[in-house]
Protein chains: 2
Amino acid sequence: MSDTERLPQPATADIDLVTVLHALGDPVRMTLLLSYADGAEHSCDPHGLGLDHLHKSTVSHHMRVLREAGVTTTRVAGRNRFVSLRRTDLDARFPGLLDALLPAAAS
Amino acid sequence: MSDTERLPQPATADIDLVTVLHALGDPVRMTLLLSYADGAEHSCDPHGLGLDHLHKSTVSHHMRVLREAGVTTTRVAGRNRFVSLRRTDLDARFPGLLDALLPAAAS
DNA sequence: TCGAATGTTTGACGAGCGTCCAACTGTTGC
DNA sequence: GCAACAGTTGGACGCTCGTCAAACATTCGA
(Lines give C-alpha, C1' and ligand atoms only; values in the text may rest on other atoms or scores of the structure.)
Protein backbone atom coordinates (compact mmCIF):
# COMPACT_ATOMS: atom_id res chain seq x y z
CA MET A 1 0.00 0.00 0.00
CA SER A 2 1.07 3.53 -0.52
CA ASP A 3 -0.85 5.20 2.29
CA THR A 4 0.07 3.28 5.38
CA GLU A 5 1.60 5.08 8.30
CA ARG A 6 4.66 7.18 7.64
CA LEU A 7 7.39 8.46 9.89
CA PRO A 8 7.50 12.25 10.44
CA GLN A 9 9.01 14.21 7.59
CA PRO A 10 9.03 17.85 6.47
CA ALA A 11 6.42 19.12 4.02
CA THR A 12 7.72 19.65 0.52
CA ALA A 13 7.67 23.43 0.88
CA ASP A 14 9.67 23.18 4.09
CA ILE A 15 12.58 21.27 2.60
CA ASP A 16 15.65 23.42 3.06
CA LEU A 17 18.48 23.28 0.56
CA VAL A 18 21.30 23.78 3.04
CA THR A 19 19.84 21.06 5.24
CA VAL A 20 19.66 18.70 2.27
CA LEU A 21 23.25 19.43 1.27
CA HIS A 22 24.38 18.94 4.84
CA ALA A 23 22.60 15.60 4.92
CA LEU A 24 24.25 14.54 1.67
CA GLY A 25 27.68 15.76 2.72
CA ASP A 26 28.50 12.45 4.36
CA PRO A 27 29.85 9.37 2.57
CA VAL A 28 27.51 6.92 4.29
CA ARG A 29 24.39 8.93 3.49
CA MET A 30 25.57 9.46 -0.08
CA THR A 31 25.88 5.69 -0.41
CA LEU A 32 22.34 5.32 0.86
CA LEU A 33 21.08 7.96 -1.57
CA LEU A 34 22.65 6.10 -4.47
CA SER A 35 20.95 2.89 -3.47
CA TYR A 36 17.62 4.72 -3.30
CA ALA A 37 18.14 6.23 -6.73
CA ASP A 38 16.32 3.31 -8.35
CA GLY A 39 13.06 4.68 -7.00
CA ALA A 40 12.18 1.46 -5.24
CA GLU A 41 11.47 0.90 -1.57
CA HIS A 42 14.29 -0.42 0.55
CA SER A 43 14.44 -2.03 3.96
CA CYS A 44 16.76 -0.63 6.59
CA ASP A 45 19.18 -3.49 6.17
CA PRO A 46 22.25 -2.05 4.43
CA HIS A 47 23.53 -5.47 3.40
CA GLY A 48 25.20 -5.37 0.02
CA LEU A 49 25.81 -1.63 0.04
CA GLY A 50 29.31 -1.81 1.45
CA LEU A 51 27.99 -0.63 4.78
CA ASP A 52 28.24 -3.93 6.59
CA HIS A 53 30.89 -2.57 8.92
CA LEU A 54 28.42 -0.16 10.49
CA HIS A 55 26.26 -0.93 13.48
CA LYS A 56 22.56 -1.08 12.73
CA SER A 57 21.88 1.81 15.06
CA THR A 58 24.36 3.92 13.11
CA VAL A 59 22.53 3.17 9.88
CA SER A 60 19.25 3.98 11.61
CA HIS A 61 20.71 7.35 12.63
CA HIS A 62 21.76 8.18 9.06
CA MET A 63 18.35 7.23 7.74
CA ARG A 64 16.73 9.53 10.23
CA VAL A 65 18.95 12.42 9.08
CA LEU A 66 17.95 11.80 5.47
CA ARG A 67 14.28 11.61 6.34
CA GLU A 68 14.28 14.72 8.54
CA ALA A 69 16.07 16.64 5.79
CA GLY A 70 13.29 15.68 3.40
CA VAL A 71 15.38 13.46 1.17
CA THR A 72 13.60 10.20 1.92
CA THR A 73 10.25 8.97 3.13
CA THR A 74 9.69 6.00 5.39
CA ARG A 75 6.62 3.83 5.29
CA VAL A 76 5.88 1.65 8.29
CA ALA A 77 4.57 -1.82 7.54
CA GLY A 78 4.51 -4.24 10.42
CA ARG A 79 7.97 -4.65 11.79
CA ASN A 80 9.54 -3.42 8.58
CA ARG A 81 10.19 0.12 7.43
CA PHE A 82 10.41 0.85 3.76
CA VAL A 83 12.55 3.79 2.76
CA SER A 84 12.38 5.48 -0.61
CA LEU A 85 13.57 8.65 -2.29
CA ARG A 86 11.21 11.65 -2.35
CA ARG A 87 11.98 12.12 -6.02
CA THR A 88 8.81 13.98 -6.98
CA ASP A 89 8.97 16.33 -4.00
CA LEU A 90 12.64 17.09 -4.50
CA ASP A 91 12.21 17.66 -8.22
CA ALA A 92 9.40 20.10 -7.48
CA ARG A 93 11.33 21.95 -4.81
CA PHE A 94 14.78 21.92 -6.44
CA PRO A 95 14.37 21.26 -10.17
CA GLY A 96 17.34 19.51 -11.73
CA LEU A 97 19.16 18.90 -8.47
CA LEU A 98 18.77 15.13 -8.32
CA ASP A 99 19.33 14.87 -12.05
CA ALA A 100 22.72 16.49 -11.54
CA LEU A 101 23.53 14.88 -8.22
CA LEU A 102 22.86 11.22 -8.91
CA PRO A 103 25.07 10.80 -12.02
CA ALA A 104 27.79 12.84 -10.34
CA ALA A 105 27.68 10.65 -7.28
CA ALA A 106 27.61 7.41 -9.23
CA SER A 107 30.92 8.09 -10.93
CA MET B 1 46.00 39.70 -14.38
CA SER B 2 44.59 36.24 -14.58
CA ASP B 3 47.74 34.24 -13.88
CA THR B 4 49.12 35.72 -10.73
CA GLU B 5 49.76 33.49 -7.77
CA ARG B 6 46.93 31.35 -6.51
CA LEU B 7 46.28 29.70 -3.19
CA PRO B 8 46.42 25.88 -3.13
CA GLN B 9 43.32 24.15 -4.50
CA PRO B 10 42.45 20.67 -5.73
CA ALA B 11 42.79 19.78 -9.40
CA THR B 12 39.52 19.59 -11.27
CA ALA B 13 39.63 15.79 -11.45
CA ASP B 14 40.20 15.60 -7.70
CA ILE B 15 37.10 17.55 -6.71
CA ASP B 16 34.97 15.23 -4.61
CA LEU B 17 31.20 15.53 -4.63
CA VAL B 18 30.66 14.65 -0.98
CA THR B 19 33.31 17.17 0.02
CA VAL B 20 31.62 19.85 -2.08
CA LEU B 21 28.22 19.08 -0.57
CA HIS B 22 29.67 19.13 2.90
CA ALA B 23 31.23 22.52 2.17
CA LEU B 24 27.90 23.84 0.90
CA GLY B 25 25.93 22.37 3.78
CA ASP B 26 26.51 25.45 5.91
CA PRO B 27 24.44 28.65 5.79
CA VAL B 28 27.45 30.97 5.85
CA ARG B 29 29.21 29.20 3.00
CA MET B 30 25.98 29.03 1.01
CA THR B 31 25.68 32.79 1.39
CA LEU B 32 29.22 33.17 0.09
CA LEU B 33 28.47 30.87 -2.84
CA LEU B 34 25.48 32.97 -3.80
CA SER B 35 27.54 36.12 -3.80
CA TYR B 36 30.10 34.42 -6.04
CA ALA B 37 27.42 33.27 -8.46
CA ASP B 38 27.86 36.44 -10.53
CA GLY B 39 31.16 35.06 -11.78
CA ALA B 40 33.11 38.10 -10.67
CA GLU B 41 36.05 38.30 -8.31
CA HIS B 42 35.34 39.26 -4.73
CA SER B 43 37.50 40.47 -1.91
CA CYS B 44 37.40 38.69 1.42
CA ASP B 45 35.39 41.46 3.00
CA PRO B 46 31.89 40.07 3.53
CA HIS B 47 30.37 43.53 3.99
CA GLY B 48 26.90 43.73 2.54
CA LEU B 49 26.29 39.98 2.54
CA GLY B 50 24.59 39.88 5.92
CA LEU B 51 27.72 38.37 7.40
CA ASP B 52 28.83 41.43 9.32
CA HIS B 53 28.26 39.70 12.62
CA LEU B 54 31.06 37.22 11.95
CA HIS B 55 34.66 37.72 12.91
CA LYS B 56 37.00 38.14 9.95
CA SER B 57 38.93 35.02 10.94
CA THR B 58 35.70 33.05 10.79
CA VAL B 59 35.04 34.27 7.28
CA SER B 60 38.60 33.41 6.34
CA HIS B 61 38.02 29.90 7.65
CA HIS B 62 34.87 29.45 5.56
CA MET B 63 36.65 30.69 2.46
CA ARG B 64 39.39 28.18 3.02
CA VAL B 65 36.86 25.35 3.27
CA LEU B 66 35.27 26.41 -0.02
CA ARG B 67 38.64 26.65 -1.73
CA GLU B 68 39.94 23.32 -0.42
CA ALA B 69 36.71 21.65 -1.54
CA GLY B 70 37.31 22.97 -5.04
CA VAL B 71 34.36 25.35 -5.10
CA THR B 72 36.33 28.58 -5.33
CA THR B 73 39.71 29.80 -6.47
CA THR B 74 41.72 32.54 -4.80
CA ARG B 75 44.07 34.84 -6.63
CA VAL B 76 46.65 36.72 -4.62
CA ALA B 77 47.27 40.31 -5.65
CA GLY B 78 49.24 42.42 -3.27
CA ARG B 79 47.53 42.50 0.08
CA ASN B 80 44.22 41.57 -1.46
CA ARG B 81 42.89 38.13 -2.29
CA PHE B 82 40.29 37.81 -5.00
CA VAL B 83 37.93 34.89 -4.67
CA SER B 84 35.80 33.59 -7.51
CA LEU B 85 33.68 30.58 -8.34
CA ARG B 86 35.32 27.71 -10.27
CA ARG B 87 32.33 27.62 -12.57
CA THR B 88 34.04 25.99 -15.57
CA ASP B 89 35.76 23.33 -13.48
CA LEU B 90 32.61 22.48 -11.54
CA ASP B 91 30.50 22.33 -14.69
CA ALA B 92 33.02 19.95 -16.23
CA ARG B 93 33.20 17.74 -13.17
CA PHE B 94 29.52 17.80 -12.15
CA PRO B 95 27.44 18.88 -15.15
CA GLY B 96 24.25 20.68 -14.20
CA LEU B 97 25.00 20.85 -10.51
CA LEU B 98 25.55 24.59 -10.23
CA ASP B 99 22.71 25.25 -12.65
CA ALA B 100 20.41 23.45 -10.24
CA LEU B 101 22.00 24.65 -7.04
CA LEU B 102 22.21 28.38 -7.59
CA PRO B 103 18.55 29.05 -8.45
CA ALA B 104 17.47 26.74 -5.64
CA ALA B 105 19.65 28.58 -3.17
CA ALA B 106 18.56 32.01 -4.33
CA SER B 107 14.91 31.37 -3.52
C1' DT C 1 60.29 54.54 7.78
C1' DC C 2 56.18 53.90 9.94
C1' DG C 3 51.56 53.05 10.33
C1' DA C 4 47.34 51.50 8.42
C1' DA C 5 45.09 47.95 5.68
C1' DT C 6 44.03 43.08 4.33
C1' DG C 7 43.92 38.56 5.49
C1' DT C 8 45.83 34.25 7.72
C1' DT C 9 47.11 31.41 11.53
C1' DT C 10 47.04 29.54 16.07
C1' DG C 11 44.81 28.29 20.22
C1' DA C 12 40.81 27.90 22.88
C1' DC C 13 36.01 26.81 23.79
C1' DG C 14 31.34 24.84 23.36
C1' DA C 15 28.30 22.47 20.36
C1' DG C 16 27.30 18.94 17.26
C1' DC C 17 28.34 14.65 14.78
C1' DG C 18 29.43 9.65 13.82
C1' DT C 19 30.00 5.56 16.05
C1' DC C 20 29.17 1.75 19.20
C1' DC C 21 26.77 -0.79 22.78
C1' DA C 22 22.94 -2.07 25.50
C1' DA C 23 18.29 -1.83 26.33
C1' DC C 24 13.93 -1.14 24.54
C1' DT C 25 9.39 -1.27 21.41
C1' DG C 26 6.57 -3.43 18.44
C1' DT C 27 5.58 -7.45 15.20
C1' DT C 28 5.53 -12.01 13.30
C1' DG C 29 5.42 -16.94 13.54
C1' DC C 30 5.47 -21.27 16.05
C1' DG D 1 2.58 -17.28 25.35
C1' DC D 2 7.20 -16.86 23.72
C1' DA D 3 11.16 -16.48 21.12
C1' DA D 4 13.05 -14.52 17.05
C1' DC D 5 13.00 -10.49 14.06
C1' DA D 6 13.40 -5.37 12.52
C1' DG D 7 14.43 -1.34 13.87
C1' DT D 8 14.71 2.74 17.39
C1' DT D 9 16.34 5.09 21.46
C1' DG D 10 19.47 6.54 25.05
C1' DG D 11 23.97 7.11 26.81
C1' DA D 12 28.85 7.37 26.18
C1' DC D 13 33.03 8.31 23.70
C1' DG D 14 36.23 10.77 20.60
C1' DC D 15 36.48 13.74 16.83
C1' DT D 16 35.19 17.55 13.96
C1' DC D 17 33.14 22.00 13.35
C1' DG D 18 31.98 26.99 13.91
C1' DT D 19 33.25 30.78 16.41
C1' DC D 20 36.11 34.28 18.64
C1' DA D 21 40.33 36.60 20.17
C1' DA D 22 44.98 37.64 19.72
C1' DA D 23 49.13 37.49 17.30
C1' DC D 24 51.27 37.37 12.95
C1' DA D 25 52.69 38.28 7.87
C1' DT D 26 52.63 41.06 4.01
C1' DT D 27 51.70 45.04 1.34
C1' DC D 28 50.43 49.77 0.32
C1' DG D 29 50.48 54.74 1.24
C1' DA D 30 51.97 58.97 3.50
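Numbered from 1 within each chain, the chains take letters A, B, ... in sequence-line order. All values reported here derive from a predicted model rather than from experimental measurement.
A straight line from NE2 of A/His42 to C1' of D/dA6 spans 17 Å, rounded to a whole angstrom. Between the CG atom of B/Leu66 and the P atom of D/dG18 there is a distance of 10 Å, rounded to whole Å. As rounded to whole Å, 16 Å separates atom P of D/dT19 from atom CZ of B/Arg64. Across the protein-nucleic acid pair, A/His47 atom NE2 and D/dC5 atom P stand 15 Å apart, rounded to whole Å. Rounded to a whole Å, the CZ atom of B/Arg75 is 15 Å from the P atom of D/dT27. Rounded to a whole Å, the CD atom of B/Glu5 is 13 Å from the C1' atom of D/dT27. One can place CG of A/Leu24 at 16 Å from C1' of C/dG18, the figure rounded to the nearest angstrom. For the pair A/Asp26 CG and D/dC15 P, the interatomic distance rounds to 18 Å; values are reported in whole Å.
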Output a table of nitrogen or oxygen pairs between the protein and nucleotides 25-30 of chain C separated by less than 3.5 Å.
{"residue": "C/dT27", "atom": "O2", "partner": "A/Arg79", "partner atom": "NH1", "Å": "3.3"}

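When the side-chain nitrogen and oxygen atoms of A/Arg29 are compared with OP1 and OP2 of C/dG18, one or more of them lie within a distance under 4.0 Å. Remark: B/Asn80 is not in phosphate contact with D/dT27, judged by side-chain N or O atoms under 4.0 Å from OP1 or OP2.
Using a cutoff of 4.0 Å between basic side-chain nitrogens and carboxylate oxygens, A/Glu41 and A/Arg75 are scored as salt-bridged. With respect to A/Arg87 and A/Asp99, a salt bridge is recorded, a charged nitrogen being found less than 4.0 Å from a carboxylate O.
Heavy-atom minimum distance, B/Thr31 versus B/Leu49: CG2-O, 3.5 Å. When every heavy atom of A/Ala23 is checked against every heavy atom of A/Ala69, the shortest pair comes out as CB-CB, 3.8 Å. When all heavy atoms are compared, the tightest approach of B/Met30 to B/Ala105 is SD-CB, 3.6 Å. Looking at every heavy atom in both residues, A/Met63 comes nearest to A/Thr72 through O-OG1, 4.2 Å.
Around the NE2 atom of A/His53, the shell of radius 6.0 Å holds more than 12 heavy atoms that belong to other residues, nucleotides or ligands.
Distance CZ/B/Arg29 to NE2/B/His62: 6.0 Å, rounded to 0.5 Å.
DNA chain D lies under 4.0 Å from at least one heavy atom of each of the following residues of residues 49-62 of chain A: A/Lys56, A/Ser57, A/Ser60.
With C/dG7, D/dG7, C/dT19 as the choices, the nucleotide that has an atom nearest any side-chain atom of B/Cys44 turns out to be C/dG7.
Residues B/His42 and B/Phe82 keep their aromatic ring centres 6.0 Å or farther apart.
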